[in-house]
Amino acid sequence: MTDSVTTEFIRANADGDVRRLALQAVRHPGVDMPFALDQIAGQQTARRKLPSWAAVDGLVYPPRLPMEQCSGEEAARHKAAVARRLCGPGGRMVDITGGFGVDFAFMARGFGSAVYVERQERLCAIARHNLPLLGLERAEVVCADGAEYLRHAPQADLVFADPARRDAAGGRTFAIADCTPDVAALRPLLLAKGRHVMIKLSPMLDWRKAVADMGGCVGEVHIVSVGGECKELLLVLPGQEAHGPAVHCVCDGAELVFGAEEQDGGADGTGGSGGGLTEADLPRLAGRLLYEPDAAVMKAGCFGLLERRFGVRSVSANSHLFVAEAAAEGFPGRAFAISRATTMNKRSLKSALQGVAKANIAVRNFPMTVAQLRRRLKMDDGGDCHIFATTLADGTHTLLVCERIGGGKRHFNHR
């Protein structure tokens, strides 16, 4: 898709600073500089976001925005696994919002027939070039409006949609109705044409509101986090009215699943014990374990489920931190050993923080920001010490001084 001079420039500057290279464009009159800069930036992003694609020579990368919006590899692999579970081998899938084609390429391998539909001809051209290099020679690329294509297409085993979350001016949008296409308005068509429908949405959305917007026919909600950051919200529609969806918290590939019958009640979704710790509990916390839920679990709001399933106790209703006397095997999040616990009393602080010159500080339901607390404590950032500042059930402002334990890949209990 490019000439040899531009190709050589891309190879020679694969690790270069794109902004600096852009300023040097006049030195390279024979180079298609806009294309070259897109490729250099795209390759650098792919090494981090799509490592298996970065290893494929000759792939063409799109401009910055489609690269920002495309799924990372781990999230794409999860969607492919869900598609295999739902549809089995073979069958037909249609992606009506093809984009850069990451989700399409990972899911298409499990189907006998796969159609990529995209309105932008440039992205279609990139897909036609890339898909054979990725081993998907038989994939069909269609340049069309996805909804219009779907109206005249035969039924598929899976219809996938990832609505664009940008308005006409390029600003970010999050509500389903503000995205393109509006999948809530398209729901009858999606369900008529797909035996299963999978919709990727912004992680900023409240999953309960998203389920309601889709008319109560959502069978599964997948909240996907990677590296402690919530990346996407995925809805699976089974084509029939669902009696409350099963919620999948997917944290770095590991899953915690809770069914409709287990979902926490209450407007805030906490559903916890309602008790929590008080100042009288502080002397007994040293030697206990502190658990911080993963971002996907925080987004799901299934805190009562954590208490019931893992035998932990909430610090307070709004802290979203949990303590346990023994290891809570499979807990979906990070674990810490509590060494000291203190109120904000000046004398208690001095005693509890003696010898601690720097720490990683986090605040949970606490009246100071991290920066404000760090200034109050006169403490540098970093080191092996972790301090969680929170408020107990009786209103006591508390610091929990901890050390991280465990780590690595997590394997959660599914039920």
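Just so you know, these numbers come straight off a predicted model, no measurement behind them.
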Do the rings of Phe100 and Tyr61 sit parallel, tilted or perpendicular, given the 30° and 60° boundaries?
tilted
Indicate the ring-plane relationship of His222 and His248, choosing parallel, tilted or perpendicular according to the 30° and 60° boundaries.
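It falls in the parallel class, under 30°.
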For [Y], is there any backbone N or O sitting under 3.5 Å from a side-chain donor or acceptor partner on [X]?
X      : Y      : answer
Glu74  : Leu50  : no
Glu118 : Gly99  : yes
Lys193 : Ala153 : yes
Arg119 : Gly146 : no
Gln44  : Ala14  : yes
Asp394 : Glu279 : yes
His196 : Leu191 : no

Check this for me: [X], atom [atom1], are more than 12 non-hydrogen atoms of other residues, nucleotides or ligands nearer than 6.0 Å?
X      : atom1 : result
Gln155 : CD    : yes
Arg20  : CZ    : yes
Gln24  : CD    : yes
Arg128 : CZ    : yes
Arg151 : CZ    : yes
Arg138 : CZ    : no

Side chains of [X] and [Y]: does their closest heavy-atom pair fall under 4.5 Å?
X      : Y      : result
Val247 : Cys302 : no
Asp381 : Lys358 : no
His320 : Glu292 : no
Glu232 : Lys79  : yes
Arg313 : Phe322 : no
Ser316 : Arg364 : no
Pro163 : Ile176 : no
Val183 : Leu190 : yes

Report the distance from atom [atom1] of [X] to atom [atom2] of [Y], rounding to the nearest 0.5 Å.
X      : Y      : atom1 : atom2 : result
Thr45  : Arg47  : OG1   : CZ    : 9.5 Å
Phe258 : Leu305 : CZ    : CG    : 6.0 Å
Met214 : Leu201 : CE    : CG    : 8.0 Å
Leu392 : Asp281 : CG    : CG    : 7.5 Å
Ile223 : Met298 : CD1   : CE    : 12.0 Å
Met33  : Ile40  : CE    : CD1   : 7.5 Å

Cationic N near anionic O, under 4.0 Å, Glu73 to Arg48
no
Less than 4.0 angstrom from a charged side-chain N to a carboxylate O is my criterion; do Asp157 and Arg92 meet it?
no
State whether a side-chain donor-acceptor pair under 3.5 Å links [X] with [Y].
X      : Y      : value
Ser71  : Asp103 : yes
Ser225 : Asp294 : yes
Glu307 : Ser314 : no

Proximity of Phe336 and Tyr291 rings by center, below 6.0 Å
no
Which atom names give the shortest non-hydrogen contact between Thr391 and Pro367, and what distance separates them?
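So the minimum-distance heavy-atom pair works out to OG1-CD, 4.3 Å.
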Run the side chain to side chain contact (heavy atoms under 4.5 Å, CB included) check on Cys124 and Ile126 step by step: do they pass?
CA-CA 5 Å; Cys124 289; Ile126 290 174; over 6 Å; no
Applying side chain to side chain contact (heavy atoms under 4.5 Å, CB included) to Cys143 and Tyr116, what does each step give before you reach the verdict?
CA-CA 8 Å; Cys143 187; Tyr116 161 109; over 6 Å; no
